[in-house]
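Encoded as structure tokens, the structure appears first; notes follow it.
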Amino acid sequence: MNSTHIEDHQFNNINKALGKGTYESCQFENCDFEEFNFSEYRFIDCSFLNSNFSNCFLTECMLNGIHFTNCKLLGVSFEKCASLFFSVNFKDCILDFASFYSQKMKNTTFENCSMKNVDLGHTDLESSSFDHCNLLNSIFENTKLKKADLSTAFNFNIDPENNDIQECSFSQNNLHGLLDKYKIKIKV
């Protein structure tokens, strides 16, 4: 990998062109990285605002302390990112068809995100928060949700027998997402 190391820089309106290297404490705004190959890039304490990452490639990409705000991340395979130091948070993002399969993501925040058809199987999401997130058709299989907060999440279907939901928070309005497989009717 190229030894380029860039710190404390602001990037605006980048269109599918970013030199391979390490980016630390940088801000990226209004960038289009659709289908861009970020394999082996390193991002540390960076923020991405109003940017498009749809179908980008993240093989062995390091994402450590990363904040995505109002970004489009359709079909992104976060499962291929370097697992060491993997730490991301999302606000007002579209994550439909993304995959976090088997990632360790304790204390991750998903705020007001569309997460339709997202693969969260075998993912460690202990103490994570899904604040006002649409989880329609997302996969929860052997997912660790211990102490996670799904009290304002909606459209999820989580099998309590196949996931760790110990001390997980739900609301009366979304309990049906835990009981769908039992065909129970809940009257509020």
Side-chain angles (χ1 to χ4, degrees), residues 1-130 133 135 138-144 148:
M1 182 168 112
N2 189 330
S3 61
T4 301
H5 187 104
I6 298 172
E7 284 188 58
D8 300 315
H9 189 77
Q10 183 159 349
F11 297 87
N12 292 303
N13 302 306
I14 302 293
N15 188 6
K16 299 179 186 176
L18 188 67
K20 188 176 271 192
T22 299
Y23 295 84
E24 188 169 353
S25 300
C26 292
Q27 183 174 354
F28 298 83
E29 190 166 358
N30 298 316
C31 297
D32 183 6
F33 296 121
E34 186 169 2
E35 297 183 357
F36 190 78
N37 188 348
F38 283 109
S39 296
E40 299 180 9
Y41 280 62
R42 297 169 52 123
F43 296 96
I44 303 164
D45 298 326
C46 293
S47 61
F48 295 91
L49 308 165
N50 306 314
S51 296
N52 181 11
F53 291 86
S54 296
N55 298 309
C56 69
F57 301 93
L58 298 174
T59 304
E60 291 304 313
C61 177
M62 176 193 264
L63 297 176
N64 180 0
I66 307 306
H67 293 272
F68 294 96
T69 304
N70 199 35
C71 290
K72 186 176 177 183
L73 300 123
L74 291 171
V76 176
S77 291
F78 291 97
E79 69 191 61
K80 295 183 179 183
C81 288
S83 57
L84 189 63
F85 305 117
F86 183 75
S87 170
V88 291
N89 289 288
F90 304 91
K91 181 178 180 180
D92 300 319
C93 291
I94 300 171
L95 288 155
D96 300 346
F97 300 99
S99 178
F100 295 96
Y101 184 84
S102 289
Q103 278 289 11
K104 290 179 176 36
M105 303 176 61
K106 291 182 180 181
N107 301 302
T108 300
T109 299
F110 299 92
E111 183 180 343
N112 197 39
C113 293
S114 178
M115 300 179 68
K116 299 173 189 171
N117 299 287
V118 173
D119 189 350
L120 297 164
H122 298 269
T123 305
D124 184 350
L125 290 159
E126 183 176 330
S127 300
S128 292
S129 172
F130 296 85
C133 292
L135 294 160
S138 286
I139 299 168
F140 291 90
E141 183 177 308
N142 293 315
T143 305
K144 292 181 184 177

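Sequence neighbours left out, the pairs with a member in residues 58-82 that pass side-chain hydrogen bond (donor to acceptor under 3.5 Å, both in side chains) are Asn50-Asn70, Glu79-Ser99.
Residues that satisfy the ring-ring contact (aromatic ring centres under 6.0 Å, His included) test with Phe11, not counting sequence neighbours, are His9, Tyr23, Phe28. Under the side-chain hydrogen bond (donor to acceptor under 3.5 Å, both in side chains) criterion, Asp92 pairs with Asn112, sequence neighbours left out. In this structure Asn107 satisfies the side-chain contact (heavy atoms from CB on, under 4.5 Å) test together with Ser127, sequence neighbours excluded. Looking at residues two or more places apart in sequence or on another chain, you find a side-chain contact (heavy atoms from CB on, under 4.5 Å) between Phe36 and Lys16, Leu18, Phe33, Phe38, Tyr41. When the ring-ring contact (aromatic ring centres under 6.0 Å, His included) test is applied to Phe86, no partner is found at least two apart in sequence or on another chain. Shown here are the side-chain hydrogen bond (donor to acceptor under 3.5 Å, both in side chains) partners of Glu126, two or more places apart in sequence or in another chain: there are none. The side-chain contact (heavy atoms from CB on, under 4.5 Å) test applied to Gln27 returns Gln10, Glu29, Ser47, Leu49, not counting sequence neighbours. Annotation: side-chain contact (heavy atoms from CB on, under 4.5 Å) contacts of Ser25 (sequence neighbours excluded): Asp8, Asp45. Remark: Glu34 pairs with Asn52 by the side-chain hydrogen bond (donor to acceptor under 3.5 Å, both in side chains) rule, at least two apart or across chains. Qualifying side-chain hydrogen bond (donor to acceptor under 3.5 Å, both in side chains) partners for Ser87, counting only residues two or more places apart in sequence or in other chains: none.
Here the CZ atom belonging to Phe78 is positioned 9.5 Å from the CD atom belonging to Gln103, to the nearest 0.5 angstrom. Annotation: the span from Phe53 atom CZ to Leu95 atom CG amounts to 11.5 Å, rounded to 0.5 Å. Interatomic distance, Ile44 CD1 to Ile66 CD1, rounded to the nearest 0.5 Å: 8.0 Å.
Among all heavy-atom pairs drawn from Thr123 and Leu120, the shortest one is OG1-O, 3.1 Å.
Under the 30°/60° scheme for interplanar angles, the aromatic rings of Phe100 and Phe90 are found to stand perpendicular.
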